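Please read these numbers as outputs of a predicted model, since none were measured by experiment. Chain letters run A, B, ... following the sequence lines, proteins first, then strands; residues in each count from 1.
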Amino acid sequence: MSKPAIPKGTRDFLPHEVRKRQYIFDTIRQVFELWGYQPIETPAVELLSTLMGKYGEEGDKLLFRILNNGDFLAKADREALQLMDSYRLALSIAKRGLRYDLTVPFARFVVMHQHQISLPFKRYQIQPVWRADRPQKGRYQEFYQCDADVAGADSLMYEAELLQIYDEVFRRLGLKVRIKLNNRKILAGMAEVVGIADHFTAMTTAIDKLDKIGWEGVRAELAQRGIGAEAQTELQKLLHTAQLDALAPLLENSELGRAGIEELRTVWAYLDGITLHQHLSFDPTLARGLSYYTGCIFEVVVDTDAHPSIRMGSIGGGGRYADLTGIFGMKGVSGVGISFGAERIYDVLEALDLFPQGLTQALQVLFVAFDRDTHRFAFRQMSALRQAGIAADLYPEPTKMKKQMKYANALGVPWVILVGEDELKSGKLTLKNMQSGEQSAHSLDEIIAILRASK
RNA sequence: GUGGGUGUAGCUCAGCUGGUUAGAGCGCCAGAUUGUGGCUCUGGAGGUCGCCGGUUCAAAUCCGGUCAUCCACCCCA
């Protein structure tokens, strides 16, 4: 018999890990709900025609494909097979794949259900996604995304409220973060002013790596993509201007640049007078790769001043995409959304010991019985406790006490109730506090009162 | 896709430049303690050394291949 295993990049979760994960999901969910977002779910499996071409060439490679059922070779592309062209062959033998993110399925959802929802449609979604990436630390092939998006409204009010959601979720989790804000139109404006508008994607890709490779590295990468030294220097000067008012005159000659500045001012105006607990700042060097964002973009990182021990990439990101549903034939629907990186948040909370106490054990009391008769008696007493809303359990057989106590210990149950001949006769049960070791005899009602009080 | 590390008991690992019966800690089981867990002590079970091949009188150890896994890069959460 071979040793059991699970696919690379996937994980099992033990009970205490699931409880901690659920604490994060619940916190995020509660804030989403408070801000008026509604839950939806979409299938894990989507048609590849829905997914392909939406995440760039790299993304397509990382899509998990599902082999067609039945005699898939009968309909296979024989020419591709002959040519050993795996990519082309795959198109003919797999028509489904696992979802890669939650945004594209959401766009599909909006188009398919446009008559059942009203715009603006505010939805949240907490579900796993899959990527055939090579796993490494903090990166998995199966992981959860927690997204909130608004479809069908241009109002910058939503940018402001999504920033508030970031602020509130991390406040509730007890984590200090820095929320960074920028606008793709400002980046586009910079490209125009510097005269490299035709290199916009290359520019954003390079800027995005600033944290990692520094200015030297960014300049090298810009040079490699055919951007001259003069443009590099000018661009660097613009990116160093982290004050909107100072940047505005420098982008005066770019229509896009002016629009970007104006949008950010509007977002700031909405947040005027609002109390935020986290550090929110305009960061002109925030670029967010080459994704589909067109307006405001956000990113959240752990505040290393407050938590100097943490080294972690972004734990959340999002932004505005002017044409959410265009790829599915529905024009004029703008979208804006944010995403929480739950797995990374978990690692950070764990490293900082920020999970609340008492998350790990729900069971309050374990019954320990000594023989057949008391075991049956204990079963009825346990049922009464459960009826009273107290999480109770009974060791499945009246074996040696040592074994049962050991089990209680391993579970981490705070209380044990001992049921033997004496208890059966007197009708009073022996309640033992597993931490202090103290024990005393009580009626069932008294026990219910004690356990309720100790919850 | 590129580069590197690691595969030895259920888990974490030791085993020096090849040399008889492959070890430790934790965990598990039993006992010290037949109505009391955590701590301690005693004993026990548990391993085709990832797999295939090569070198050698001799391979866990050296070499080649293969598979798995982890880490870094690309990209991303």
> Are A/Gln145 and B/rA77 close enough that a side-chain N or O sits under 4.0 Å from OP1 or OP2?
Replying inline: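 Answer is no, no contact under 4.0 Å.
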
>> Tell me whether the side-chain N/O atoms of A/Lys402 come closer than 4.0 Å to OP1 or OP2 in B/rA30.
In response: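 No, because none of the side-chain N or O atoms of A/Lys402 sits under 4.0 Å from OP1 or OP2 of B/rA30.
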
Pairwise [atom1] distance for [N] and [M], with rounding to whole Å:
| N | M | atom1 | answer |
| --- | --- | --- | --- |
| B/rC63 | B/rG7 | P | 13 Å |
| B/rC51 | B/rG10 | P | 13 Å |
| B/rG4 | B/rC11 | P | 29 Å |
| B/rC62 | B/rC49 | C1' | 15 Å |
| B/rC16 | B/rG3 | C1' | 29 Å |
| B/rG15 | B/rA22 | C1' | 8 Å |
| B/rA58 | B/rU20 | C1' | 11 Å |
| B/rU34 | B/rG25 | P | 27 Å |

Write down the distance between [atom1] ([X]) and [atom2] ([N]), rounded to a whole number of angstrom.
| X | N | atom1 | atom2 | result |
| --- | --- | --- | --- | --- |
| A/Asn409 | B/rU36 | CG | C1' | 11 Å |
| A/Asp60 | B/rC75 | CG | P | 17 Å |
| A/Lys403 | B/rG38 | NZ | P | 13 Å |
| A/Ile338 | B/rA77 | CD1 | P | 14 Å |
| A/Met401 | B/rU36 | CE | C1' | 4 Å |
| A/Ile126 | B/rA77 | CD1 | C1' | 15 Å |
| A/Phe143 | B/rA77 | CZ | P | 7 Å |
| A/Lys209 | B/rC74 | NZ | C1' | 8 Å |

Base, sugar-phosphate or nothing for [X]? Non-hydrogen atoms, less than 4.0 Å.
| X | answer |
| --- | --- |
| A/Gly317 | nothing |
| A/Gly437 | base |
| A/Glu57 | nothing |
| A/Ser314 | sugar-phosphate |
| A/Phe340 | nothing |
| A/Asp422 | base |

>> For a quick check under 3.5 Å, do A/Arg320 and A/Ser334 share a side-chain donor-acceptor pair by atom type?
In response: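 Yes - a donor-acceptor pair under 3.5 Å links their side chains.
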
> Looking just at side-chain N and O atoms, do A/Asp208 and A/Thr205 make a donor-acceptor pair shorter than 3.5 Å?
Replying inline: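 Short answer, no.
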
> So which one's nearest nucleotide on RNA chain B is more toward 5', A/Met405 or A/Lys400?
Replying inline: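 In this pair, the answer is A/Lys400.
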
> Of A/Gly316 and A/Gln435, whose closest RNA chain B nucleotide lies nearer the 5' terminus?
Replying inline: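 Result: A/Gln435.
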
When the aromatic ring centroids of [X] and [Y] are compared, is their separation below 6.0 Å?
| X | Y | result |
| --- | --- | --- |
| A/Phe170 | A/Phe340 | yes |
| A/Phe64 | A/Tyr100 | no |
| A/Tyr37 | A/Tyr124 | no |

Identified pairing partner of [N], criterion: Watson-Crick or G-U wobble below 3.5 Å:
| N | result |
| --- | --- |
| B/rC73 | B/rG1 |
| B/rA68 | B/rU6 |
| B/rA60 | none |

> Does the A/Arg21 side chain pair with the main chain of A/Tyr346, one donor and one acceptor, at a distance under 3.5 Å?
Replying inline: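 No; judged by distance alone, with no hydrogens or angles, the pair does not exist.
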
Selection from [options] that lies nearest to any side-chain heavy atom of [X]:
| X | options | value |
| --- | --- | --- |
| A/Arg134 | B/rG1, B/rG35, B/rC70 | B/rG1 |
| A/Glu421 | B/rG37, B/rA77, B/rG35 | B/rG35 |
| A/Tyr140 | B/rG37, B/rC75, B/rA77 | B/rA77 |

Considering only heavy atoms and no angle criterion, is a donor-acceptor pair shorter than 3.5 Å present between the side chain of [X] and the base of [N]?
| X | N | result |
| --- | --- | --- |
| A/Gln404 | B/rU36 | no |
| A/Lys8 | B/rU69 | no |
| A/Arg139 | B/rC75 | yes |

Using a 3.5 Å cut-off and no angle test, enumerate the donor-acceptor pairs between side-chain atoms of residues 348-359 of chain A and protein atoms at least two apart in sequence or in another chain.
from, atom 1, to, atom 2, distance (Å)
A/Glu350, OE1, A/Lys20, NZ, 3.1
A/Glu350, OE2, A/Lys20, NZ, 3.4

>> Is there aromatic stacking of A/Phe370 on B/rG35 here, judged by a ring-centre distance under 5.5 Å and a plane angle under 30°?
In response: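 Base of B/rG35: not stacked against A/Phe370.
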
> In a check of salt bridge (Lys or Arg N to Asp or Glu O under 4.0 Å) between A/Glu343 and each of A/Lys137, A/Arg11, A/Arg139, which one passes?
Replying inline: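 Exactly one candidate clears the test, A/Arg11.
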
